[in-house]
Amino acid sequence: MSSGSGTARTFEFGRTHVVRPKGNHQATIVWLHGLGDKGSSWSQLLETLPLPNIKWICPTAPTRPVAIFGGHPCTAWSDVGDLSGDGADDLEGLDASAAHVANLLSTEPANIKLGIGGFSMGAATALYSATCHILGKYGNGNPYPVNLSAVVGLSGWLPCSRTLRNQMEGSIQAVRRAASLPILLCHGLGDDVVAYKHGEKSAQALTSVGFRNLMFRTYNGLGHYTIPEETDEVCNWLTAMLGLQGTQS
């Protein structure tokens, strides 16, 4: 038992679902579900996408008490008081989930490009992982072990946006990594769960600290869900950014 500081929380992650590539394996992407959901919900959708060169890994978040639901437990990548990025950030929960994702990617072959994507709170966790990658460390200071080639966030927000600029100052390597990491953010104007303005503000925060390879796409009338127009955009963007062969396997 540690003295003084109390013991760190341990997190029990749920079941992981894997979608194997139908063609030549070129990239592996961990995809993170939203609050209260599970990995299998997304693995079923990702399996239908015309991306034969991608292996998808869809983990399930730990079940934990969540402040936004008055402490009621559900699957969540971290504790949240609101779905905007404006509230307090659960650094311990974010670090644990980012480390779980990095561990899933760390066993992939050296020639495979690695990425992280997600929806809603999953998108927030993917963006947090992106900041860990460019800073070279988690929020707790431990080294971040994975080199990311692409990050996708649908209907999400950026955690820890207020401290990102200060953390990047003085680190030439962080600025260089931020400039080269491809990020695709998509958000619906009709989103009544994570308001569009929070997605827009997150994109602006990332751009302002030097994420130059960032695309922010807006969808008229889209609520807090995904549509074929959006998944088509994700497919085209991933194919271009990861240099995928497509159906020529």
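The two atoms that bring Thr107 and Leu104 nearest to each other are OG1-O, 3.6 Å, heavy atoms only. Nearest approach of Pro21 to Pro52, heavy atoms of both residues: CB-O, 3.3 Å. The two atoms that bring Met168 and Ala178 nearest to each other are CE-CB, 3.8 Å, heavy atoms only. Nearest approach of Ala123 to Gly153, heavy atoms of both residues: CB-CA, 3.6 Å. The shortest heavy-atom contact between Ala27 and Leu244 is CB-CD2, 4.2 Å. Shown here for Leu32 and Ala126, the closest heavy-atom pair between the two residues is CD1-N, 4.1 Å.
Judged by distance alone, the side chain of Ser41 and the main-chain N or O of Asp37 form no donor-acceptor pair under 3.5 Å. A donor-acceptor pair under 3.5 Å links the side-chain atoms of Arg64 to the main chain of Ala76, judged by distance alone. No side-chain donor-acceptor contact under 3.5 Å links Arg15 to the backbone of Pro59. Side-chain N or O atoms of Asp79 include none that pairs as donor or acceptor with a backbone N or O of Asp90 at under 3.5 Å. A side-chain donor-acceptor contact under 3.5 Å links Lys113 to the backbone of Leu242. Side-chain atoms of Ser97 do not come within 3.5 Å of backbone N or O of Leu94 as any donor-acceptor pair. Put simply, the side chain of Gln26 never gets that close to the backbone of Ile112: no donor and acceptor are under 3.5 Å apart. Judged by distance alone, with hydrogens and angles left aside, the side-chain atoms of Lys22 form no donor-acceptor pair with the main-chain N or O of Pro50 at under 3.5 Å. Proximity of a side-chain donor or acceptor of Thr60 to a complementary backbone N or O of Gly39 within less than 3.5 Å is detected. The closest donor-acceptor contact from the side chain of Tyr128 to the backbone of Gly139 lies under 3.5 Å.
Side-chain contact between His25 and Asn53 is absent, with no heavy atoms from C-beta onward closer than 4.5 Å. Contact of the Ile134 side chain with the Tyr144 side chain is not registered, since no non-hydrogen atoms from C-beta on lie closer than 4.5 Å. Within the 4.5 Å cutoff, the side chain of Lys137 has no heavy atoms near those of the Pro143 side chain. Here the side chains of Ser43 and Trp56 are not in contact, with every heavy-atom distance at 4.5 Å or above. Here the side chains of Leu105 and Thr28 are in contact, with some heavy-atom distance below 4.5 Å. Side-chain contact between Asn213 and Met241: present, with at least one pair of heavy atoms (C-beta onward) separated by less than 4.5 Å. Using a 4.5 Å heavy-atom cutoff, the side chains of Leu238 and Ile29 are in contact. Contact check for Val234 versus Leu154: side-chain heavy atoms found under the 4.5 Å cut-off.
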Show your reasoning for whether side-chain contact (heavy atoms from CB on, under 4.5 Å) applies to Val193 and Leu83. CA-CA 7 Å; Val193 178; Leu83 303 181; 3.6 Å; yes
Any chance you could lay out the side-chain contact (heavy atoms from CB on, under 4.5 Å) test for Leu148 and Val146, step after step, and finish with the verdict? CA-CA 6 Å; Leu148 298 178; Val146 174; 3.9 Å; yes
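A ring-centre distance under 6.0 Å is not found for Phe216 and Phe211. Between Phe119 and His224, the gap from one ring centroid to the other is short of 6.0 Å. Note: Trp77 and His33 meet the aromatic proximity criterion, with ring centroids under 6.0 Å apart.
In the displayed structure, Arg212 atom CZ is contacted under 6.0 Å by at most 12 heavy atoms of other residues, nucleotides or ligands. For NZ of Lys38, the number of neighbouring non-hydrogen atoms (other residues, nucleotides, ligands) closer than 6.0 Å is 12 at most.
Note on Leu35 and Phe11: same hydrophobic cluster, where clusters join Ile, Leu, Val, Met, Phe, Trp and Tyr whose side-chain heavy atoms are under 4.5 Å apart, directly or indirectly. Using a 4.5 Å cut-off between side-chain heavy atoms of Ile, Leu, Val, Met, Phe, Trp and Tyr, with links allowed through other members, Leu214 and Trp237 fall into different hydrophobic clusters.
Screening His187, Glu230, Glu233 for a side-chain hydrogen bond (donor to acceptor under 3.5 Å, both in side chains) with Arg217, the sole residue that qualifies is Glu233. With Tyr138 as reference, Asp95 is the one residue of Leu91, Thr131, Asp95 to meet the side-chain contact (heavy atoms from CB on, under 4.5 Å) rule.
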